[in-house]
Visitor: 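Let me give you the structure first, and then I'll get to my questions.
Chain identifiers are assigned alphabetically (A, B, ...) following the order of the sequence lines, protein sequences preceding nucleic acid strands; residue numbering begins at 1 within each chain. Scope of the values below: all heavy atoms of this structure, side chains included, with no hydrogens, waters or symmetry mates.
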Amino acid sequence: MKFEAPRGTHDILPSEQPRWRRVTQEAERLCALYGYRPIQTPVFEDTELFARTSGAGSDVVQKEMYSFTDRGGRSLTLRPEATAPIARAYLEHGLHREGQPQKLYTIAPMYRYAAPQRGRFREHWQLSVEAIGSGDAALDAELIHLYDTLLRNLGVDEYRLEVNSIGDSACRPAYLEQLGDWLRTHEPRLDEETRAKAQTNPLRVFDNIDAKPPEVRAALAEAPKIGEALCAECRAHFGDVRRTLDATGVAYELQPTLVRGLDYYTRTTWEFVGPALGAQSSISGGGRYDGLVEALGGPATPGVGFGAGIERLLLALDETPSADGGIDVFFVAPEGADRTALAAAMAALRRAGVSCDMDYAGRSVRGQRTQASRLGARRTVVVDSPQALETVVRELGG
RNA sequence: GUGGCGGUAGCUCAGUCGGUAGAGCCCCGGGUUGUGGUCCCGGUGGUCGGGGGUUCGAGUCCCCUCCGCCACCCCA
């Protein structure tokens, strides 16, 4: 085989479209129902947009960006996520001067240069839902509720939701200092891996804790957690979020060590974990990002949102294939039939909104009938006389 | 990026000790039938992922490489 889809990319063939659309159409229906409007942004952006917002130390920026220089010498990057581009558009087009919050969503491909695996692609599609311009805790809960409802409506029931608050500029620096002190003091009780993490990304020392040696686990259990070191304002905000989740019937687990990979997150963070996807169990992740718009040079503007991988959601879905729509009419043309008259009849029917098709592969009459049922034709017409065509056009073509 | 497993027809796979490649499904034709389907008969379809090496001879052994999968890392 000469060419194949580039590593980490995949084709979405016609046979997969019904499942694909089942997900995206329900997602769009819910977004509209919750008051979110569609927005589309370019596939590539100024590299600096992501470098600045995601954090220079983040994995995304350090090793996963598809960056290139265009012929004009600009450094551009295929978007690894949708929040920063949407915040950029929000600012660039003055949406911050319109009624707040701006509730926006997009379903679009994202690009990350990472080792591909099942459910992990270099090009993957994401539903991204954002509410920018309000710090109301009701929005955090609403976004969580939206995705929770999407999962339910699609019939996914084996999943769990973890929530946390990672504080803000008022309390996180103090916590980081506190954690740093603790890690230094208790270094002898930690394994090498955890010590390395303490140096590079202290918030992540708690990651994958179940796989760590028992004594390290025991030690870390005593370490201060960000979710338990919040300032009064953050604690109040998180309390509001949780009360609203409770009131709207969303089940969740508190996970005081849950953090996110991008620097711009503040306060509420959450993650939906799906069933049996191996190491790629996260099907959606989101959080509040009250400092993002300001980091882009705009006014201090709160925001909250989430990203949800379409391919991973599809993996969490049962395999039942939804049926294609089928066509209204299939014309069987025996050898010698007037195909010009047939083309005219099909044009008339299509003008009237009647879907129709015929054979283009020189099939036998038997083969054409097979093709008709393969296409789900509700009616099969054998073109053995001019009258046959006229009759159908008169009956269905209006 | 590191380590492990894998790649044979469009799909799912078999292929012995190294001896010139097979099945089922799909697709096409025919028979049967209630002109589809079912059932029966026949047919098309392969650079054995790619390149190099060993050998009289490589799908099979060796090296490189590409792609997939698993783990790590990280994420959606």
Visitor: What does A:A115 touch in the nucleic acid at a heavy-atom separation under 4.0 angstrom: a base, only the sugar-phosphate, or nothing?
Guide: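 If one applies the 4.0 Å heavy-atom cut-off, A:A115 turns out to touch a base.
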Visitor: Roughly how many Å apart are B:G7 and B:A14, using the C1' atom of each and rounding to a whole number?
Guide: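 To the nearest whole Å, 15 Å.
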Visitor: Determine the interatomic distance between C1' on B:G43 and the same-named atom on B:A9; round to the nearest Å.
Guide: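 15 Å, rounded to whole Å.
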Visitor: When you check the side-chain N and O atoms of A:Y113 and A:E64, is any donor under 3.5 Å from an acceptor?
Guide: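 Side chains of A:Y113 and A:E64: no pair found under 3.5 Å.
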Visitor: Mark yes or no for a side-chain to base donor-acceptor pair under 3.5 Å between A:R312 and B:C75, with no hydrogen or angle criteria applied.
Guide: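 When only heavy-atom distances are counted, A:R312 does reach the base of B:C75 through a donor-acceptor pair under 3.5 Å.
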Visitor: Check every strand shown and say whether A:E64 touches a base, only sugar-phosphate, or nothing at a heavy-atom separation below 4.0 Å.
Guide: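 Sugar-phosphate: the residue A:E64, judged by heavy atoms under 4.0 Å, touches backbone atoms but no base.
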Visitor: Answer yes or no: is there an ion pair linking A:R152 with A:D148, defined by an N-O contact shorter than 4.0 Å?
Guide: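 A:D148 and A:R152: salt-bridged.
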Visitor: Taking OP1 and OP2 of B:G68, is either one under 4.0 Å from a side-chain nitrogen or oxygen of A:Q117?
Guide: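 For B:G68, neither OP1 nor OP2 has a side-chain N or O of A:Q117 closer than 4.0 Å.
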Visitor: If you compare every side-chain N and O of A:S58 against the phosphate oxygens of B:C74 (OP1, OP2), does one of them come in below 4.0 Å?
Guide: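 Checking A:S58 against B:C74: no side-chain N or O falls below 4.0 Å of OP1 or OP2.
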Visitor: Which whole number of Å gives the distance between the P atom of B:C11 and that of B:U55?
Guide: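 Roughly 36 Å separates the two P atoms.
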Visitor: Is the distance from OP1 or OP2 of B:C69 to the nearest side-chain N or O of A:R7 less than 4.0 Å?
Guide: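 So the side chain of A:R7 is outside the cut-off, no N or O lying under 4.0 Å from OP1 or OP2 of B:C69.
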Visitor: Just by distance, with hydrogens left out, do A:D140 and A:H237 show a side-chain donor and acceptor under 3.5 Å apart?
Guide: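 Result is yes, a qualifying pair exists.
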Visitor: So for atom CD, which belongs to A:Q387, do other residues, nucleotides or ligands contribute more than 12 heavy atoms lying within a distance under 6.0 Å?
Guide: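 Atom CD in A:Q387 is crowded, with more than 12 foreign heavy atoms closer than 6.0 Å.
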Visitor: For A:E123, which contact category applies under a 4.0 Å heavy-atom criterion: base, sugar-phosphate, or nothing?
Guide: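 A:E123: no heavy atom of the nucleic acid under 4.0 Å.
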Visitor: Would you indicate which nucleotide in B:G37, B:C75, B:G1 comes nearest to any side-chain atom of A:R366?
Guide: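 So the nucleotide nearest the side chain must be B:G37.
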Visitor: For A:T370 and A:Q368, which I'm curious about, is there any donor-acceptor pair between the side chains at under 3.5 Å?
Guide: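 The answer is no; no qualifying pair exists.
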Visitor: Is a side-chain donor-acceptor pair under 3.5 Å present for A:T149 with A:Y34?
Guide: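 Result is yes, a qualifying pair exists.
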Visitor: Check this one for me: any side-chain N or O of A:Y147 less than 4.0 Å away from OP1 or OP2 of B:A76?
Guide: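 Checking B:A76 against A:Y147, no side-chain N or O comes under 4.0 Å of OP1 or OP2.
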Visitor: Would you indicate, yes or no, if B:C28 has its OP1 or OP2 atom less than 4.0 angstrom from a side-chain nitrogen or oxygen of A:S364?
Guide: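 So the side chain of A:S364 is outside the cut-off, no N or O lying under 4.0 Å from OP1 or OP2 of B:C28.
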Visitor: With a 4.0 Å cut-off on heavy atoms, is A:F330 in touch with a base, just the backbone sugar-phosphate, or nothing at all?
Guide: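 The residue A:F330 makes no contact with any strand.
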Visitor: Choosing from B:A76, B:C69, B:G37, which nucleotide comes nearest the side chain of A:Q126?
Guide: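 When the side chain of A:Q126 is considered, B:A76 is the closest of B:A76, B:C69, B:G37.
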Visitor: Determine the minimum heavy-atom distance between A:P202 and A:L179, stating which atoms define it.
Guide: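 Where A:P202 meets A:L179 most closely, the heavy atoms are O-CD2, 3.6 Å.
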Visitor: How would you label the contact of A:F306 with the nucleic acid (heavy atoms, under 4.0 Å): base, sugar-phosphate, or nothing?
Guide: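 No contact.
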Visitor: Are OP1 or OP2 of B:G29 and a side-chain N or O of A:R363 less than 4.0 angstrom apart?
Guide: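 Result: no.
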Visitor: Is there a donor and acceptor pair closer than 3.5 Å between the side chain of A:R120 and the base of B:C74?
Guide: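 Side chain to base: pair found, below 3.5 Å.
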Visitor: Is there a side-chain polar atom (N or O) of A:R374 under 4.0 Å from OP1 or OP2 of B:C28?
Guide: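 It does, given that an N or O in the side chain of A:R374 lies less than 4.0 Å from OP1 or OP2 of B:C28.
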Visitor: How far, in whole Å, is B:G42 from B:A58 if one measures between their C1' atoms?
Guide: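 34 Å, rounded to whole Å.
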Visitor: Hey, are A:E222 and A:H186 close enough side-chain-wise for a donor-acceptor pair under 3.5 Å?
Guide: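 No, A:E222 and A:H186 have no side-chain donor paired with an acceptor closer than 3.5 Å.
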Visitor: Give A:G376 one of three labels, base, sugar-phosphate or nothing, depending on what nucleic acid heavy atoms sit under 4.0 Å from its own.
Guide: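 No contact at all - A:G376 keeps every heavy atom at 4.0 Å or more from the nucleic acid.
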Visitor: If you only use heavy atoms from C-beta on, which nucleotide in B:G36, B:C74, B:C69 is closest to the side chain of A:P116?
Guide: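 Side chain of A:P116 sits closest to B:C69.
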Visitor: Please state whether the phosphate of B:C72, meaning OP1 or OP2, lies under 4.0 angstrom from any side-chain nitrogen or oxygen of A:K197.
Guide: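 Result: no.
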Visitor: B:G15 and B:G49: how far apart are their P atoms, nearest whole angstrom?
Guide: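 Straight-line distance between the two P atoms is 15 Å.
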Visitor: If we take the P atom in both B:U33 and B:G45, what is their distance in whole Å?
Guide: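 Straight-line distance between the two P atoms is 32 Å.
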Visitor: Given pairs defined as Watson-Crick or G-U wobble with both distances under 3.5 Å, what dot-bracket annotation applies to RNA chain B, with ( ) intrastrand, [ ] crossing, | other strand and . unpaired?
Guide: (((((((..((((.....[..)))).(((((.......))))).....(((((..]....))))))))))))....
Visitor: In terms of side-chain heavy atoms, does A:E142 have a donor or acceptor partner in A:Y36 at a distance below 3.5 Å?
Guide: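 Yes, side-chain donor-acceptor contact under 3.5 Å.
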